[in-house]
Every structure is written in structure tokens, then in C-alpha cells.
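Lettering of chains follows the sequences in order, A, B, ..., and the numbering in each one begins at 1.
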Protein chains: 2
Amino acid sequence: MYMKRTMEYGKKIKIILADDNFDHLLGIRELVNMETNCEVIATATNASIAINLVKKYQPDVVLMDINMPEKDGLTAINEIERLNLNTRVIALTGYDDPDLIFRAMKMGAKGYILKTMASAQLIYAIEEVMQGKIYLPSGLSSKFFEYFQKTFKEESNNASNEENLLQYLTQREEEVLELLTQGVTYKGVAQQLFISETTVKTHVNNIFQKLQVNDRTQAVLYAINNGFLNRKKLKMAI
Amino acid sequence: MYMKRTMEYGKKIKIILADDNFDHLLGIRELVNMETNCEVIATATNASIAINLVKKYQPDVVLMDINMPEKDGLTAINEIERLNLNTRVIALTGYDDPDLIFRAMKMGAKGYILKTMASAQLIYAIEEVMQGKIYLPSGLSSKFFEYFQKTFKEESNNASNEENLLQYLTQREEEVLELLTQGVTYKGVAQQLFISETTVKTHVNNIFQKLQVNDRTQAVLYAINNGFLNRKKLKMAI
DNA sequence: TGAGGTCTAAACCTTTAGATTAATAAACGG
DNA sequence: CCGTTTATTAATCTAAAGGTTTAGACCTCA
């Protein structure tokens, strides 16, 4: 499924622009077209149109303003990524808000540039992502990592939380809890573990005491918030 | 709480080295000490000792080999970060495994370098992180982002899952569900929303039907896995 | 061998959860 | 304006969950 995609000289890089500000649209198009290696093949003033254009033309690069009304640019990036085309999206915005950068990268953006940046950087970004690289200017990269680490700080504080009550569970109790986190009833747990329903209740009660909760919902929430599922490798640790 | 930390000329950058390989330890110390602006004030051959040394000397930079036996380097990085000192950790390893890079950054590493890299890069990395920057060489940065985006791909596929059943909930039902995700009982919900317990049960039943689940645990799991909490801004969207 | 922990199970009881049905009021379309 | 839908409210009844106590079988470690 992997398609090699180096810059083929002679063929221009096909670009689609999406920006709700018409003046910006024209300006950027002008700028990009000046670069002989690039060609803006279509423009859109909202995200929905942009997505349709991408489906139709399958461009090399999409420059997506992520501050658009209605369907926002971030969602649009995600939808384009999920098309699994060979299209790279570069997020374009006026703000260097860390959360925005983080979410854009999360959605699959291959680059992120500010409208206030020098125009040469835009061309450079296009060339970089065309080579399969990620383009994040140094300043934005720092913001991204700051935000990234801040986001995971609480989690790791919780996950290795002084006293993680999950550690006191026995193997059997972990097995029961794992089934509880899947929404299985006592009867279901009993059948899957080949024990009686009353035994399940005993285990569950012990779990409640150890986790200091009163019911299964709270137990499940505790388990999820304290890395139980991660440990079980049911889901990638985030 | 923010302390400005620029390079103060005249004062050497205090560095602690942690590497279980004694030869590497000597080599890196030699290398770092050659840089007149740097000084290795202590070395450790395992993570536990390293952490104690950090507590004692509060160095500017820790070069941490993350492939050590017993307590692994990644956990050590996390523990050092949680000390909230002004110490920056640079991960040091022989492998450019994306997962390793991702986890190191998650734990709070400010830089990541390979032992195979040119020695000059090590010095450069130290200087960069001392300026508050993140040091990730281009190649490793790409690996990081690839991994980052791959990790979040599934999640966003779920989150904006064609048909997110959460969208069919009424406002009242959302209020009820929000309380359910906190492990509140029917009685508790009734008191908080000033309605009768039986009314709560009706809402809950409607929620079950709309989310196509059979009990509150499954409803809560559905809500969590489909971005309900994120939307409610109770928790940072990851 | 005896103390302690785990896993199993049962009886008995209280509380909560879940299913069904239905009344009221607001919103909407023709 | 009236029938239709939808949201919200509510009562009743059954099933499931949860609390408590007791106890036997098994294993381990001192």
C-alpha cells in the first residue's frame, strides 16, 4: 500500500487551498503559483467544499485554514486523512495556540504554519511535506511539545499515583474487573470464569473495598483513570 | 513559579550522567568535560542512584540512558520530572524505536539523542535544552510524529465515527449521562437535577436505547470511548 | 504445623437498576 | 388550528446488583 512519493521534476505539485477569507485565498494562490514547481488546482471557502475537491482531484497538498465557520478545519483534516489518499495537509492559521497546534497534528496534519510567517516558509513547508517530512517551525514545535508534555503530566501523575489501589488486586480480581470494564453482568462473569455467581459477587465486593468505591460504575471509572486497561494492553497507553 | 534560565556565562552547566555501561559513562564524561562550558558533577550506573544524585545536586541537565536494567530510564525520567526541579533530562539510547521516543517525550524528556550520533550533537542538544528548547533531531522528530499520528488515528476514527450515537441524545439525557459517568446513582441524579428518581430511570432507559447498550456501565464506556467527556471539557481531549 | 492469604461458595437481606407503560407540555407541519 | 411528534415527567414491577456473614479447600511461608 505504500506509494513512493518523491518530487518528480517536470510534474508540478498539485495544491488545493481552503480559506474562508477570499482575500487570503487569492494572496496565497498568487504566492504559491509564483513558485514554478507548484500549482493551485482548486480553492474552497469552506471545509465541506474542500473535502469534495480533495476527493475529486486528489491533490498532493492541501493548505487548510483551520479557523473556518461551520464544519471546522480540524475535522476536515481528519476526514481528508481518513480518505487514505496520498494527500498531505498543512494547517494554516493566524494563531499559534498550543492546543490548536496539538489538535491539528493529532488530526494528521503534516505541517503547521502561521499566516504571519514569511511567504518563503510556506513554499519550504510544502517541499518538506512532499518529501514525507513533518514541517513544524521551531517555535511551534516547542509549543507543541510543551503542550504535549503538560497533557501527559497529570496522567502520569495519576497513573503512577503514589498509591495506585489497583496494585492490591489479586489476579482473579483483576480478571473480574476486566470483565466489569466491558460491561459484563455478574451472570456473564460467572459463565466466562466458570465460577458461581455468588463467587463473582464476593470478588466484586473485595474489589470495591480495595478500590474504595461503592459500585461497578465507579470501579470501572477508577480502573480506566488509573491505567488498568493500558496495563492490560487492551488499548494503547496514551 | 517560572524561573528564567538562560545560559549564565562563567557558570558551568552542571550535568549528571546515568548509564549502566561503564565505558560509555567514561566516554561521554570525557566528551562533555571537553566542552569548557559543561561539567559532569556525578555519574550513576543505574536509575535509582541517578535519581538520588539528582535530588542531591539538582543539576542543570541529566543525560539518561533509557536502556538500563531494573528501574528503567523512562520511569526515572518521569520521577525526575515530578521533582519539579529546574533539571532538564535528555534521553540517551542506542535505539531510534518510535515507541521509545514517544514514551521518553511523554515522560518529560527535553531531548533525545542516539549514542551513534556525532558527539558534537550531544553538546548542541545540551545547549538547546538549556535555552528551554526541545531537542529532537529531524529524523527522530519524524519518527515521533509518525508514531504520534498513528496512535491517535484509531481514536479519532472512533471519535468522529460515522454515526456517533451520542448526537441523538437530548440535553436532559446528556445531563443525566454526564452524572452517570461520574458514578452517581439514580437517587443522586434525581437530587442534582431536581426530578424524581423514576424520571431519571426513564431518561437512562432512553439513553440505553439511543446508545444501543444494556446497562449504565456500557453507557459510560460508550460515552468515554466516543469523546463525550472531551466535549464536555471535563477532560482535555487527547 | 499453624498463620495468613486466595479462591471458592452459600444464605439472607437491602438497595439499585432496568423494563414497561403512560400523562403532560412544547414544537412542528400541513 | 389540529394532529403528530418529541422532550420531559412519573409510577409500578421485576431483575440485578450490592452488603454481610460464614465456611471449606488450597497454597505458601515461617
Task: Residues from residues 202-218 of chain A lying under 4.0 Å of DNA chain D - heavy atoms - done: A:N205, A:F208, A:N214, A:D215, A:R216

Task: Spacing of A:K201 atom NZ relative to C:dA11 atom C1', expressed in whole Å - done: 11 Å

Open item on the list: According to side chain to side chain donor-acceptor pair (under 3.5 Å), who are the partners of B:Q218, at least two apart in sequence or on a separate chain?
Closed with: none

TODO: Determine, stepwise, if the pair B:T199 / B:T202 fulfils side chain to side chain donor-acceptor pair (under 3.5 Å).
DONE: CA-CA 5 Å; B:T199 305; B:T202 307; 5.7 Å; no

- [ ] Taking all heavy atoms of B:A109 and all of B:I77, pick out the closest pair and write down the distance.
- [x] N-CG2, 3.9 Å

Open item on the list: So A:V200 and A:V204, do their side chains get closer than 4.5 Å, heavy atoms only?
Closed with: yes

Open item on the list: Once salt bridge (charged side-chain N to carboxylate O under 4.0 Å, His left out) is applied, what residue pairs with a partner in residues 189-214 of chain A remain, sequence neighbours excluded?
Closed with: A:E173-A:K210

Task: Side-chain donor/acceptor of B:Q149 to backbone N/O of A:M105, under 3.5 Å - done: yes

Task: Polar side-chain atom of A:T87 near backbone of A:P59 as donor-acceptor pair, under 3.5 Å - done: yes

Task: Donor-acceptor pair, side chain of B:R88 and main chain of B:V61, under 3.5 angstrom - done: no

Task: Degree of bending in the helix from C:dT1-D:dA30 to C:dG30-D:dC1 once both end axes are built from five pairs, to 10° - done: 40°

Open item on the list: What I want to find out is whether A:K143 reaches A:D97 closely enough, with some N-O distance under 4.0 Å, to be called a salt bridge.
Closed with: no

Task: Contact under 4.0 Å: A:T170 side-chain N or O vs C:dG5 OP1/OP2 - done: no

Open item on the list: Determine whether A:Y135 and B:F145 satisfy the following criterion, ring pair (Phe, Tyr, Trp, His ring centres under 6.0 Å), listing intermediate values before the conclusion.
Closed with: CA-CA 10 Å; A:Y135 181 77; B:F145 278 108; over 10 Å; no

Task: B:E173 CD to D:dT8 P, straight-line distance once rounded to whole Å - done: 7 Å

Open item on the list: If you take any heavy atom closer than 4.0 Å to DNA chain D, which residues from residues 184-197 of chain B end up in contact?
Closed with: B:I195, B:S196

TODO: Identify whether the distance between the nearest side-chain nitrogen and carboxylate oxygen of B:E81 and B:K106 falls below 4.0 Å.
DONE: no

- [ ] Report the relative orientation of the aromatic rings in A:F148 and B:F148; use parallel for angles under 30°, tilted for 30 to 60°, perpendicular for over 60°.
- [x] perpendicular

Open item on the list: What does the B/S/- profile of nucleotides 24-30 of chain D look like, 5' to 3', with a 4.0 Å heavy-atom cutoff to protein?
Closed with: -------

- [ ] Just call it for B:T199: base, sugar-phosphate, or nothing, with non-hydrogen atoms closer than 4.0 Å on any strand.
- [x] base

Open item on the list: Whether the side chain of A:E79 engages the backbone of A:I51 through a donor-acceptor N/O pair (distance < 3.5 Å, no angle test) should be reported.
Closed with: no

